[in-house]
Amino acid sequence: MNLYNIKDNSEQVSFAQAVRQGLGREQGLFFPEQLEPLADVDALLDLPLAERSARILSHLLGDEVPAAKVSELVNAAFTFPAPLVKLKDNTYALELFHGPTLAFKDFGGRFMAQCLAAFRTNDKITILTATSGDTGAAVAHAFYGLEGIEVVILYPKGKISPLQEKLFCTLGGNIRTIAIDGDFDACQALVKQAFDDEALKKAIGLNSANSINISRLLAQVCYYFEAVAQLPKADRAKAVISVPSGNFGNLTAGLIAKALGLPVKRFIAATNANDTVPRYLKTGQWEPHQTVATLSNAMDVSRPNNWPRVEELCRRKGWALETLGSGMRDDAQTRAALKRLHQLDYLCEPHGAIAWDLLGEQLAEDEVGVFLCTAHPAKFKESVDEILNLDVPLPGPLAKHAELPLLSVNLPAEFARLRAFLVG
Ligand SMILES: Cc1ncc(COP(=O)(O)O)c(C=O)c1O
């Protein structure tokens, strides 16, 4: 697989290089050179998730990775289902939260971890990441137990929920966690300092598990196929998929699936009040506002990193940007949507509820709608409990970790101390 840097097309890399490097020159995103449609999509849709996903990824990766190796990576990464749940005649929820950390990030995070382990060139790799809560869990669980890869996760002491902390600070093994005396910005600043320290980078094989890594996106393509595979055959070409969007990686993956021949009629980009993209699609003006905090906090992004990939793909395929549906929901509308969904007997959380509400608004009578449920309701327990007056029970993985002792060490927000810890 060849990829080029969207900002500087002369920079061309292989998939393995793109996985290791993350970003190109000038912070440019890598994008696949070839996106040839798959040969027999109907037959593919009849296969089980892991087998189908291995074929899709093998088609994308081409000669660079042998098909048997791709199957091995996929089988190790996709160990959980993505069920499509029917709400009423023409609406379905695609549940992407059945992985170990209960969010769609498990698909991309776990595949990336497998790829990094397979393509590493250094003797040792140290993944250093700062988290404000959820990314830490997905990264920790994805890399847990992978030979030759050390993971160090920094988080602001006392500023993440006790449950979030338990989910990734109780693993041990190759996962080390540090509670930093400071806020999330202080943690991020320490990570940046580490990446600026060339000697340290070399000594410990420093790498990041950045969310704009192409391996994460390609893994996400697979669950769009899984959604359509579970629809009745007659409904497939009428499918409209509503995607809760923040950084727009999820939507990019959906559009790549369509470019590969997945029969999806159209997509809806659903945002919260941080609605740079819906406004841009309406007015043609790219005018990011100050980011505001919302109930769907994982989508509190006003300058979405992956948007250039969406534009690049639409340009290459000749798809007019205006054909992309979009819309936003503020917190009051999100609360109301969550309540209405609950009355329909479906327990959701704020991100999925936004996608559902916009789908309901924009779905035509002859269409079939799918909205993506990107996180388990228990991950947003505080707001879900308050809005719905419930006490959402913790699912297995969370409940298990809640009982285990914390293994974190505590450090001040001083780079010298972090450096000593990493080298030691
Ligand atoms: C629960 C949840 N839903 C939706 C999103 C938005 O996905 P994307 O940033 O790929 O647009 C995120 C992103 O972190 C998320 O955590």
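When a ligand or atom number is given, it counts from 1 through the structure's own listing order.
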(request) Using a strict 4.0 Å cut-off to heavy atoms of Pro244, name the atoms of ligand 1 that fall inside it. (result) 4 (C), 6 (C), 7 (O)

(message) Check this for me: does any side-chain nitrogen of one of Arg329 and Glu361 sit under 4.0 Å from a carboxylate oxygen of the other?
(response) yes

(message) Counting only nitrogen or oxygen atoms and a 3.5 angstrom limit, does Gln220 reach ligand 1?
(response) no

(message) If I apply the N/O under 3.5 Å rule, does Phe248 come out as touching ligand 1?
(response) yes

(message) Closer than 4.0 Å to some heavy atom of His351 - which atoms of ligand 1 meet that?
(response) 1 (C), 2 (C), 3 (N)

(message) With the threshold set at under 4.0 angstrom, would you say Lys379 reaches ligand 1 through any of its heavy atoms?
(response) no

(request) Check whether more than 12 heavy atoms from other residues, nucleotides or ligands sit under 6.0 Å from atom CZ of Arg55, and answer yes or no. (result) no

(message) Are any of the N/O atoms on Phe104, whether in the backbone or the side chain, positioned under 3.5 angstrom from an N/O atom of ligand 1?
(response) no

(request) Look at atom 10 (O) of ligand 1 and say which protein heavy atom is nearest, naming residue and atom and giving the distance to 0.1 Å. (result) Asn250 N, 2.9 Å

(message) Give the atom numbers and elements of ligand 1 that come within less than 4.0 Å of a heavy atom of Gly249.
(response) 8 (P), 10 (O), 11 (O)

(message) How far is atom 16 (O) of ligand 1 from the closest protein heavy atom, and which atom is that?
(response) Ala298 CB, 3.1 Å

(message) Does atom CD (Glu382) have a neighbourhood of more than 12 heavy atoms from anything else shown, all under 6.0 Å?
(response) no

(request) Say whether Gly246, considering both its backbone and side-chain N or O atoms, lies within less than 3.5 Å of an N or O atom on ligand 1. (result) yes

(message) Within the 4.0 Å heavy-atom shell around Ala375, which atoms of ligand 1 are there?
(response) 1 (C)

(message) Please work out, at 4.0 Å between heavy atoms, whether the side chain, the backbone, both, or neither of Lys105 comes within that distance of ligand 1.
(response) side chain

(message) Tell me whether the count of non-hydrogen atoms from other residues, nucleotides or ligands lying under 6.0 Å of CG in Asp366 goes above 12.
(response) yes

(message) Once ring-ring contact (aromatic ring centres under 6.0 Å, His included) is applied, do any residues pair with His98, and if so which ones, sequence neighbours excluded?
(response) none

(message) Rounded at 0.5 Å granularity, tell me how far CZ in Phe248 sits from OG1 in Thr271.
(response) 6.5 Å

(message) Just to confirm my output: which protein heavy-atom neighbour is closest to atom 9 (O) of ligand 1, and how far is it?
(response) Asn247 N, 2.8 Å

(message) Ring-plane angle category for Tyr223 and Phe104, please: parallel below 30°, perpendicular beyond 60°, tilted otherwise.
(response) perpendicular

(request) If the plane angle is over 60° it's perpendicular, under 30° parallel, otherwise tilted; pick one for Trp307 and Trp286. (result) parallel

(request) Only heavy atoms count here, so choose which of Asn306, Asp300, Thr374 is nearest to atom 3 (N) of ligand 1. (result) Thr374

(request) Scan side-chain atoms only and decide if Asn410 and Asp181 contain a donor-acceptor pair under the 3.5 Å cut-off. (result) yes

(message) If you count heavy atoms of other groups shown closer than 6.0 angstrom to NZ of Lys157, is the number above 12?
(response) no

(request) Please say whether Ser245 places an N or O atom under 3.5 Å from an N or O atom belonging to ligand 1. (result) no

